A.B. asks: 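Please find one structure pasted underneath; my questions will follow.
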Amino acid sequence: MVGEEGAFVLGWDEVLTEEELSVTLKVLCMSEEEFKEYKEQDGWEDDSEDEENSTLSNEALSRLKTPCKKLLYDSVLLTLESYGADLKAEQDLLNNKEAYEKLSRREQQALHVRYGQKRILHQLLELVQ
């Protein structure tokens, strides 16, 4: 369900791998009975109601059912824990011109990427609280 990379891709305004995340959330939040039915049917048939609700914009994420929001929230916390420094530490380094200039070009680019990733993850935390 998650794809080859085993991760979902989030953007500032929406989930870019929305189909994978939508199906994953549905399956992980199913009751045992619902999951048995899902397996027997080899997934969902062409369900226009699910299709309409599958766009995972930031607004749609904030309206997810509580179990799905909790699952996303906990997953984001785990992802954030995997980083060595928190968002504030990254921001402080970006704002400290002297320390920033001591970094190699590659380290500076990595810092910008990490900082952007963490900002998106923090935004997602706010949306699903």
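All heavy atoms count here, side chains included; hydrogens, waters and symmetry mates do not. Nothing here was measured: the structure is a model prediction, and the numbers come from that model.
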A.B. asks: Does any pair with a residue in residues 89-129 pass ring-ring contact (aromatic ring centres under 6.0 Å, His included), and if so which ones, sequence neighbours excluded?
C.D. replies: Tyr100-His112
A.B. asks: Can you tell me which residue pairs pass the ring-ring contact (aromatic ring centres under 6.0 Å, His included) test with a partner in residues 59-96, sequence neighbours excluded?
C.D. replies: none
A.B. asks: Who pairs with Asn58 by side-chain contact (heavy atoms from CB on, under 4.5 Å), at least two apart in sequence or on another chain?
C.D. replies: Leu61, Gln123, Leu127
A.B. asks: What about Trp12 and Leu21, same hydrophobic cluster or not, with Ile/Leu/Val/Met/Phe/Trp/Tyr joined at side-chain heavy-atom distances under 4.5 Å?
C.D. replies: yes
A.B. asks: Any chance you could pull the hydrophobic cluster mates of Leu16, using side-chain heavy atoms under 4.5 angstrom and chaining through other members?
C.D. replies: Val9
A.B. asks: Search all heavy atoms of Leu121 against all heavy atoms of Val76 and return the closest pair with its distance.
C.D. replies: O-CG1, 3.5 Å
A.B. asks: Ala89: what forms a side-chain contact (heavy atoms from CB on, under 4.5 Å) with it, not counting sequence neighbours?
C.D. replies: Ala85, Asp86
A.B. asks: Look up atom OG1 in Thr79 and atom CZ in Phe8, then write down how far apart they are to the nearest 0.5 Å.
C.D. replies: 10.5 Å
A.B. asks: Nearest 0.5 Å please: distance from the CG atom of Leu25 over to the CE atom of Met30.
C.D. replies: 11.0 Å
A.B. asks: Of all residues at least two apart in sequence or in a different chain, which pass the side-chain contact (heavy atoms from CB on, under 4.5 Å) check with Leu93?
C.D. replies: Ala99, Leu103, Leu111
A.B. asks: Can you get from Leu94 to Leu80 by hopping between Ile, Leu, Val, Met, Phe, Trp and Tyr side chains that sit under 4.5 Å apart?
C.D. replies: no
A.B. asks: State which residues pass side-chain hydrogen bond (donor to acceptor under 3.5 Å, both in side chains) with Asp92; sequence neighbours excluded, sorted by chain then number.
C.D. replies: Lys88
A.B. asks: Do Leu87 and Leu77 sit in the same hydrophobic cluster, where Ile, Leu, Val, Met, Phe, Trp and Tyr count as joined when their side-chain heavy atoms come under 4.5 Å apart?
C.D. replies: no
A.B. asks: In chain order, what residues pass the side-chain contact (heavy atoms from CB on, under 4.5 Å) check against Arg105, with sequence neighbours excluded?
C.D. replies: Gln108, Gln109
A.B. asks: Can you list, pair by pair, the side-chain donor-acceptor contacts under 3.5 Å of residues 64-72, counting residues two or more places apart and other chains?
C.D. replies:
{"unit_1": "Lys69", "atom_1": "NZ", "unit_2": "Ser62", "atom_2": "O", "d": "3.0"}
{"unit_1": "Lys70", "atom_1": "NZ", "unit_2": "Asp74", "atom_2": "OD1", "d": "3.3"}
{"unit_1": "Lys70", "atom_1": "NZ", "unit_2": "Asp74", "atom_2": "OD2", "d": "2.8"}

A.B. asks: Which residue pairs pass the salt bridge (charged side-chain N to carboxylate O under 4.0 Å, His left out) test with at least one member in residues 109-129, sequence neighbours excluded?
C.D. replies: Glu90-Arg114, Glu90-Lys118
A.B. asks: Mind checking what makes salt bridge (charged side-chain N to carboxylate O under 4.0 Å, His left out) contact with Arg63, not counting sequence neighbours?
C.D. replies: Glu59
A.B. asks: Please identify which of these residues, Lys39, Glu32, Glu37, meets the side chain to side chain contact (heavy atoms under 4.5 Å, CB included) condition with Phe35.
C.D. replies: Lys39
A.B. asks: Please identify each residue that fulfils salt bridge (charged side-chain N to carboxylate O under 4.0 Å, His left out) with Glu81, with sequence neighbours left out.
C.D. replies: none
